[in-house]
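Shown next, in C-alpha cells, is the structure this report addresses.
As the structure is a computational prediction, the values presented were derived from the model and not from experiment. Counting starts at 1 for both ligands and their atoms, in listed order. One is the number of the first residue; the rest follow in order along the sequence.
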Amino acid sequence: MISKKLEDALNEQINKEFYSAYLYLGMAAHFESEGLKGFAKWMRVQALEEQGHAMRIYDYLFSVDAKPVLKPIEEAPVHYAKHPVEVIQDVLKHEQFVTASINSLYELALAEKDYKTQVFLQWFINEQVEEEENDRNILDAFKHINGNAGLLILDKELGKRE
Ligand code: FEO
C-alpha cells in the first residue's frame with residue numbers, strides 16, 4: 001500500500017522522466033541535423049536511460065498495489081540556436097530540476113513514514129549524483145576545447161557511449 005498523495009507524486013515523476021527522454025531525444029535530433037553524431041548518440045542513450053527511470057517507477061507502483069497514470073508528455077524542442085556547450089548546460093539545468101523533484105518525493109516519503117518508498121527512492125538519489133556529474137564532466141571538457149577540431153574530438157569521444 002501507498003498513500004494517494006505519494007502515488008500521485010510518483011505518477012508526476014513518471015511524467016517528468018518521460019519528458020526528460022523526450023527532451024534529450026529532441027537534443028539528439030538537433031545534434032544529428034548539425035552533423036554532431038557523437039553528441040547525438042550520447043543524447044539518444046540518455047533518452048533511453050530516462051525511459052528506464054520512468055519504467056522503474058511504473059513497476060514500483062504495481063509492487064505497492066498502486067497504478068501508473070500516463071499523462072500527456074509536453075512537446076520537446078528540436079531546434080537550438082545555440083552552441084553545443086549551451087545545450088549541455090541546459091541538460092545540467094534540467095538534471096538539477098529532476099534532482100530537486102526526487103528530493104521532494106523523498107521528503108514526502110519521510111513525512112508519510114513510508115519506509116519502503118524511501119528505500120526505493122535512494123536508487124534515484126544516487127543516480128542523480130551520477131547524472132549531474134556526467135554533465136559537469138562534459139562541460140569541463142569544453143573548457144579545454146580549441147575551436148572546431150576540439151569539438152570534433154569531443155564528438156568522437158561522446159559517440160562511444162553505449
Ligand atoms: Fe531520470 Fe536524468 O533523470
Are there more than 12 heavy atoms of other residues, nucleotides or ligands under 6.0 Å from atom NZ of K116? yes
Answer yes or no: does atom CG of N148 have more than 12 heavy-atom neighbours from other residues, nucleotides or ligands under 6.0 Å? no
Please determine whether E50 has a backbone or side-chain N, O or S atom lying under 2.8 Å from atom 1 (Fe) of ligand 1. yes
Within a radius of less than 6.0 Å around OH of Y22, do more than 12 heavy atoms belonging to other residues, nucleotides or ligands occur? no
How many degrees, to 10°, between E131 OE1 and E95 OE2 as seen from atom 2 (Fe) of ligand 1? 100°
Nearest N/O/S atom of H53 with respect to atom 1 (Fe) of ligand 1, by atom name, please. ND1
Exactly one candidate in L110, L108, I125 meets side-chain contact (heavy atoms from CB on, under 4.5 Å) with Q118; the answer is L110
Please find the N/O/S atom of E17 nearest to atom 1 (Fe) of ligand 1 and write down its name. OE1
Report yes or no: does K41 contribute a side-chain atom to a donor-acceptor pair with the main-chain N or O of R161 at less than 3.5 Å? yes
Counting backbone and side chain alike, does E127 bring an N/O/S atom below 2.8 Å of atom 2 (Fe) of ligand 1? no
